[in-house]
Colleague: 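Just dropping this structure here.
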Amino acid sequence: MSLSCFRLHAILTIRYISHRLNLSHSNSRVRCSKRNMSQAEMVKMVNGSNCCSSKVVINDPKLLHQKKTAIRLAGPSKFQVIADFDNTLTKFWVDGFKGHSSHALLQQENPEYNAKRDELFNYYHPLEFDPEIPIDEKTKLMEEWWGKTHSLLIEGGLTYDAIRNSVAGAMIAFREGVVELFEFLEERDVPILIFSAGLADIIEEVLRQKLHRTFKNVKIVSNRMKFDENGNLVSFTGKLIHSLNKNEHALDMAASLHDHLGEIDDHVIDSASVKKRTNVLLLGDHMGDLRMSDGLNYETRISVGFLNNNIENSLDNYRKGFDIVYLDDAPMSGVVKLVSELFSSASD
């Protein structure tokens, strides 16, 4: 079967399942009818906790089963979760509109500096995805972009109050099931590393305002701000984390989510011990997120991709790159079910 035919077959299958779901819940699994495929794509319906259903694509069910078995046998002490933030932990659509990213939601008191940051975005963002630019040159461009943006935030007089107000007014929401996932992993002392090329302080504020609680096993691997006693941004701490070094090499650059609250739990999120956890669940929404585990000598990795839009053009690449692909801005309930299968009880 040709690649184009395979893609069309998968898309038509998905659409057919969506139609049939309204008629009956009895068919929970659809297999490709072509028996001569070496790695058949399996599309199945998974019921979420909110009684809605999300479409799932698994490229190699046998390999996934082997990975799940290996992780289950090793236990939670060898396990960690690496997650992208925007459009992975958070929804792509919020109330029918494209949701804000943690970077895009930020509004400074001085609108002139918002415009300046937009100008930088319009110039550098196309360069970030230009396949003709060598990686070394692109890395320098990303460092340049992030450095200029951070300078504008300081120069424009960003305050923590502006961050708090920006989050309060933003269209940003977590996927259903994120709290359940965090709680399940916290009970088992499994660290969750949230990797972001954005700003840790904004992500923390989103966690506070939208989830209304903290988790001792969460660590933000991102750029962190330093504020003076009046809440004015004065500098950034640590090394610059941008889109091309957002991986476990950057782990030592990051501070804990709770270090300033006196709630740090060293045995859960200590960098050295985290690196010894060689079984990984990786969550992302972009093909580049597969690089987040670079720098970790992992034994087994299960990768989960959230393909939120442009499914027709992107499905083939996603199913080849990720072990599991959730479509159409799916809830996190499928991932909750996955970790529940890996570790059924807190004593595992």
Side-chain angles (χ1 to χ4, degrees), residues 83-86 89 100-118 120-121 124 139-140 142-170 172 191-211 213-266 268-272 274:
D84 172 56
F85 186 74
D86 293 314
L89 296 179
H100 285 137
S101 69
S102 57
H103 232 149
L105 66 82
L106 181 60
Q107 296 294 311
Q108 295 175 250
E109 287 92 340
N110 189 335
E112 174 186 352
Y113 285 89
N114 293 326
K116 289 182 177 181
R117 287 189 290 116
D118 287 341
L120 290 178
F121 177 87
Y124 285 102
T139 297
K140 293 179 181 179
M142 295 304 100
E143 292 173 352
E144 185 179 281
W145 180 14
W146 261 252
K148 289 180 178 179
T149 298
H150 290 181
S151 295
L152 286 175
L153 293 175
I154 298 173
E155 182 183 336
L158 180 68
T159 65
Y160 197 85
D161 283 341
I163 293 177
R164 188 179 294 111
N165 294 334
S166 294
V167 172
I172 189 168
I192 303 168
L193 307 180
I194 299 177
F195 283 73
S196 173
L199 301 167
D201 305 82
I202 293 179
I203 294 174
E204 290 179 6
E205 190 60 33
V206 173
L207 287 165
R208 292 190 188 98
Q209 291 194 28
K210 304 303 180 180
L211 298 187
R213 60 158 297 179
T214 58
F215 298 88
K216 71 177 186 292
N217 60 326
V218 172
K219 183 166 184 172
I220 310 295
V221 183
S222 187
N223 299 290
R224 186 171 296 279
M225 301 173 174
K226 182 177 181 180
F227 296 87
D228 63 19
E229 62 275 8
N230 297 316
N232 299 307
L233 175 63
V234 294
S235 64
F236 285 81
T237 62
K239 297 180 180 179
L240 188 68
I241 299 175
H242 53 78
S243 58
L244 298 184
N245 69 351
K246 188 183 74 171
N247 53 49
E248 292 235 3
H249 288 299
L251 184 56
D252 295 324
M253 306 177 193
S256 165
L257 172 63
H258 308 298
D259 59 357
H260 62 292
L261 300 177
E263 299 176 12
I264 188 168
D265 194 342
D266 288 335
V268 176
I269 58 176
D270 172 71
S271 296
V274 164

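We're numbering straight along the sequence, starting at 1.
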Colleague: Please name all residues satisfying side-chain contact (heavy atoms from CB on, under 4.5 Å) with Ala170, sequence neighbours left out, ordered by chain then number.
Modeller: His100, Leu105, Ile172
Colleague: Under the criterion side chain to side chain donor-acceptor pair (under 3.5 Å), which of Glu155, Lys116, Arg117 is the partner of Gln108?
Modeller: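 The passing option is Arg117.
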Colleague: Please assess Thr149 against Tyr124 for the test side-chain contact (heavy atoms from CB on, under 4.5 Å), listing each intermediate value before the final yes or no.
Modeller: CA-CA 11 Å; Thr149 298; Tyr124 285 102; over 6 Å; no
Colleague: Quick check against the 3.5 Å criterion: does Trp146 have a side-chain atom that pairs as donor or acceptor with the backbone of Ala197?
Modeller: yes
Colleague: Which heavy atom of Ser102 sits nearest a heavy atom of Ile202, and at what distance?
Modeller: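 Looks like O-CG2, 3.3 Å.
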Colleague: So, using side chain to side chain donor-acceptor pair (under 3.5 Å) as the criterion, who are the partners of Lys246 when residues are at least two apart?
Modeller: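 Lys246 satisfies side chain to side chain donor-acceptor pair (under 3.5 Å) with Asp84, Asp289 once adjacent residues are dropped.
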Colleague: Restricting to non-hydrogen atoms, name the atom on Tyr113 and the atom on Leu152 that form the minimum distance, rounded to 0.1 Å.
Modeller: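 Closest heavy-atom pair between Tyr113 and Leu152: CD2-O, 3.6 Å.
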Colleague: Roughly how far, to the nearest 0.5 Å, is CG of Leu153 from OG1 of Thr159?
Modeller: 11.0 Å
Colleague: Parallel, tilted or perpendicular: which fits the ring planes of Tyr160 and Phe227, with parallel below 30° and perpendicular above 60°?
Modeller: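 Tyr160 vs Phe227 ring planes: perpendicular.
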Colleague: Looking only at heavy atoms, what is the nearest atom pair of Leu158 and Leu106, with distance?
Modeller: CD1-CD1, 3.9 Å
Colleague: Is there side-chain contact between Val167 and Arg208, with heavy atoms separated by less than 4.5 Å?
Modeller: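 Answer no - side chains too far apart.
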Colleague: Side-chain contact test, heavy atoms from C-beta onward, threshold under 4.5 Å: evaluate it for Leu199 versus Phe236 and give yes or no.
Modeller: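 Leu199 reaches Phe236 side chain to side chain.
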Colleague: Drop me the distance from Ile154's CD1 to Lys226's NZ, to the nearest 0.5 angstrom.
Modeller: 11.5 Å
Colleague: How many angstroms lie between atom CG of Asp161 and atom OG of Ser166, to the nearest 0.5 angstrom?
Modeller: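 Answer for the CG-OG pair, Asp161 versus Ser166, is 10.5 Å.
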Colleague: Compare all side-chain heavy atoms of Arg164 with those of Gln209 and state whether any distance is below 4.5 angstrom.
Modeller: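 Yes - at least one pair of side-chain heavy atoms lies under 4.5 Å apart.
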Colleague: Hey, is the main chain of Asn232 close enough, under 3.5 Å, to the side chain of Asn230 for a donor-acceptor pair?
Modeller: no
Colleague: Between Ser222 (side chain only) and Gly198 (backbone N and O only), is there a donor and an acceptor less than 3.5 Å apart?
Modeller: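 Yes, the answer is positive, given that a donor and an acceptor are paired below the 3.5 Å cut-off.
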Colleague: Under the rule for side chain to side chain donor-acceptor pair (under 3.5 Å), what residues qualify as partners of Ser243, not counting sequence neighbours?
Modeller: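 Per chain and number, Ser243 pairs via side chain to side chain donor-acceptor pair (under 3.5 Å) with Glu128.
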Colleague: Could you check if a side-chain atom of Asn245 sits within less than 4.5 angstrom of a side-chain atom of Lys239, using non-hydrogen atoms only?
Modeller: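 In short, these two side chains do not touch, never coming nearer than 4.5 Å.
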Colleague: Do Ile163 and Leu233 have side chains that get closer than 4.5 Å, going by heavy atoms?
Modeller: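 No, their side chains stay 4.5 Å or more apart.
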Colleague: Please examine the side chains of Asn165 and Gln107, heavy atoms only from C-beta on, and report whether any two atoms are closer than 4.5 Å.
Modeller: no
Colleague: For the pair Glu143 and Lys140, find out whether any cationic side-chain nitrogen is under 4.0 Å from an anionic carboxylate oxygen.
Modeller: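 Looking at Glu143 and Lys140, the cut-off is not met.
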Colleague: Below 4.5 Å, heavy atoms only, C-beta onward: do His242 and Thr139 meet side chain to side chain?
Modeller: yes
Colleague: Please report the closest heavy-atom contact between Glu204 and Ile220, naming both atoms and the distance.
Modeller: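 In terms of heavy atoms, the two residues are closest at CG-CG1, 4.3 Å.
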